[in-house]
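Reading through the structure tokens given below for one structure.
Predicted model only: the values in this text are computed from it and were never measured. Numbering starts at 1 and runs along the sequence shown.
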Amino acid sequence: MTSESEKDKKEEAPLIKKDKRKQETESKIDAPSTKEDMQVATTNTGNKDAKKKRIVVVSKKPTEYSKSHKNTNSQSTTTPTQAASSSSGKPSSPSSSSIQSLDRPRVHKKAGNLAGGSNHTTSTYSSPTGRTSPSYGSGNRTTTINSSSSYGSRSTTTQRYEQTSSYANHTNSHAPSYRSRHEGGSDRPQRPHSGGGQQYPRSSHPQGNNSRPPYRPHGGHNSSGAGAGGRTPGQKPAMVAETIDLTRSAGAAKWAASRGKKNYQGKGQSQSDSEKFFQQKRKIINTTQAVPSTIDIMESITVSDLAKKMNLKASDLITKLMSLGVMVTINGQIDSDTATILAEEYKCKVNVVSLYDETVIETEKDNPEDLVTRNPIVTIMGHVDHGKTKTLDAIRSADVVSREAGGITQHIGAYQVTLPSGQQITFLDTPGHEAFSAMRERGASVTDIVVLVVSGVEGVMPQTREAIKQAKEAAAPIIVAVNKMDLPDASMERIQQQLSEFELIPESWGGSTIFAPISALTGSGINELLEVILLQAEMMELTTNPKCAAEGHVIEARIDPGRGIAATVLLSRGTLHVGDPFVAGIFYGKIRAMYNDKGQRIKEAYPAQPVEITGFSEGTPKAGDPFQVTKDEAMARQVASKRQELNKLEEAKNVKKISLANFMENLSTKEQKELRLIIKGDVQGSVEALKQSLEKLSNNEIRLTVLSATAGAIVEQDVKSAATSDAIIIGFHVRPTPKAQLLADQEKVEIRKYNLIYEVIEDITLAIEGLLTPELREQVTGQAEIRKVFASSKVGNIAGCMIISGVITRKSRIHVIRDSVVMGDCTIAGLKREKDDVKEVREGFECGITLQGYSDIKMGDILEAYDIHEIKRRLNSSK
Ligand SMILES: Nc1nc2c(ncn2[C@@H]2O[C@H](COP(=O)(O)OP(=O)(O)OP(=O)(O)O)[C@@H](O)[C@H]2O)c(=O)[nH]1
């Protein structure tokens, strides 16, 4: 203990002796932070004050969350030695707190995922299969822009310590043990002990030598240097220590009062000492609400909540944010990155805590001996009308099992085809890009192989290119099915030529892409197509572990009138049983019943076997949501509730980062109009597709916001949401419940019902066009030539005109044209024929015209009459 005290003493002594100026300088220098957390590059311009610091945040991967979280804590427990070394010129991570120190207001680049996350890769949900899904993208990380960290806290603490010591010598107040724990340096001035305890002699000098031994009820470690950042979980932050200071000062005042001024001064204290004491006390009171050195926040926080956490005024934070180029109101949300930078200005470190960990279900590792070959999963893509649906139909009729079962095929979003050889292929039954990208958006790379259907007549079209791009992004191999080969104009070679530009080189040309000529109409080439799919799958060596807990993805979800919520699930591994508890996206349940793609009830489902499940306890999951079986139902419930919580946070976040630049831009341009929609449909897949199609209608002037897009009937809650957010409800293949309709009538909420997707798009397009500001066009109605100008003292110059074309009316606007140049633009003040006021004068007649507020007219000028017409704008011309 003694040696430890001495060590502490040695370490702390130089710090305490530093003069205030030096301390201030030091307080800007932080202890080195964990390297992985951040890198700080310092550019020394030569001028100490002009030292600029560049802070580069290096994000953590999700899996590193727990580790990094721990690191943050341990990092804060920088020992005084480390802290001192950083100040003594050793390479450190100086992180300035001053605004000037920031080269640019923000240092994070956004990854642009659903989570609205930053470049932290952790803001994507990483499913246990290793695929990422942004659904619960709250992020899983600790952002450590090393702000005040240990050293900054330390010097602040030291400063406070000295202030305290000067009055502590005059007081007989109680010495709180908490403070002792935090400031237990051997240089510490003497301090009265708690009532009845040992009374230390008072020293006349604030920092005078005193023989009092260090007060360390909890062992020798001096944690003052670590500040709050060094506290272990559960310990009170530095802010609390400051509060204790106040207690001490109150105690000091009491003590002074009880002793009386005379008595107080009687110990050789001067009046100025007394003033000094009260000044000290004031200072301490001022620091009572000190900014804590560490705060914990979630992914986003309102300015007012952040201000509360930091013991600051929200208005101060708003001002500071403005100086950083972020415009936000008191109740506005800022994300954790912005909060981190902001807090750094006050030497406060931000720990981003996340619910994320609690939303992850650990998965079992595969034993290599458990791995077995699995069926390939295939998606059909291609341009409109190139025959995707027809191809799927032709494939389905090639299924021997369906044929045996009398051709009954349940529509469940995916189906399995069994070939005469007994081999099976799973097809996703939602051809096209929307389903594919909806799943990809949630990180579900469900497809092993993409079959690209290209019409042998039409060739490569825009959606062909889009499909190639999407397949490549998903790293799925492409098999080209050249369709409509029954038509005379179809040419395989032309298609191969066109596709070779996209690096899809046929095998016959030395490439690796399989081209299969088919006719979905006649069925020719379909069996061969299936064979090459199997060949491709064989090359891919697709394996799975059927022995572990089941996991996979939701392909489609819907409300079944008889069975409630039903979801089609495609397992990637494990075996699913009736009665298994599960989590699908943000919802949980217990498998009540399972059906295969033929509509037959089954008790078990295997990887790559599409299966429809029921037994959801609450909401409907979305296409692409991860599906996982859990240990028990309680765990499923808990994970689902955490995910919902996280989801709500994400939704509530709605972080609007308005930079000064775009704020000004918004001021100078017309405000963007917004059309809000709530979409309800029978099947989640079509609802998603509709959402995506509608959102694409947004343009610079009008934003189309889909507030929610879910499967199920239109219920009262939908109407309430629409009423509060001023939205229109779109019902696609679904109708409102009687109660919902009643409420909609009361609340004047519009519910539009549709059965065809193009009708929805057409209607919404028209609605958007109605919101577009009409274009104003001038239309010339007539021209008059000025033959003579009459000066009138009453009305100014009168133009004696001949109407040379069209008609001029009293309400016409006039361009005054001289030598083909428009000299003026005005209205008509008077129009006369002879001496009579008239409403209009037609071609070939003379008239007198006086112009409103305009008299610069000459003989030979042309007065061009025109009207302004509002032209309704079409959506495609408004982009
Ligand atoms: N002659 C001929 N016509 C075909 C063939 N395959 C499809 N068609 C026709 O092409 C048209 C479009 O076929 P679909 O299967 O609906 O095309 P799709 O790509 O699914 O179209 P979308 O669903 O609108 O994207 C239909 O009239 C089909 O009958 C084919 O092999 N030969």
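- The OG1 atom of Thr544 sits 7.5 Å away from atom CG of Leu371, with the distance rounded to the nearest 0.5 Å.
- Thr447 and Thr379 make their closest contact through OG1-OG1, 2.7 Å (heavy atoms, listed as atom of the first residue, atom of the second, distance).
- Of all heavy-atom pairs between Arg637 and Tyr588, the closest is NE-OH, 3.4 Å.
- The two residues His553 and Gly624 have their closest heavy-atom pair at CD2-O, 3.4 Å.
- Of the N and O atoms on the side chains of Gln416 and Asp597, not one donor lies less than 3.5 Å from an acceptor on the other residue.
- Counting non-hydrogen atoms of neighbouring residues, nucleotides and ligands closer than 6.0 angstrom, the CD atom of Glu604 exceeds 12 such neighbours.
- Salt bridge annotation for Arg643-Asp625: absent, with no cationic side-chain nitrogen under 4.0 angstrom from a carboxylate oxygen.
- With 3.5 Å as the limit, one finds no donor-acceptor pair spanning the side chains of Gln692 and Glu688.
- For the residue pair Val683 and Ala711, the shortest heavy atom distance occurs at C-CB, 4.1 Å.
- Residue Glu507 places its CD atom among more than 12 non-hydrogen atoms of other residues, nucleotides or ligands, all under 6.0 Å distant.
- Residues Ala481 and Ile518 come closest through the heavy atom pair CB-CD1, 3.8 Å.
- Nearest heavy atoms, Lys680 versus Ala713: NZ-O, 3.1 Å.
- Between Arg558 and Glu612 there is a salt bridge, with a side-chain nitrogen of the basic residue lying less than 4.0 Å from a carboxylate oxygen of the acidic one.
- Between Arg396 and Asp393 there is a salt bridge, with a side-chain nitrogen of the basic residue lying less than 4.0 Å from a carboxylate oxygen of the acidic one.
- More than 12 heavy-atom neighbours from other residues, nucleotides or ligands sit within 6.0 angstrom of CD on Glu695.
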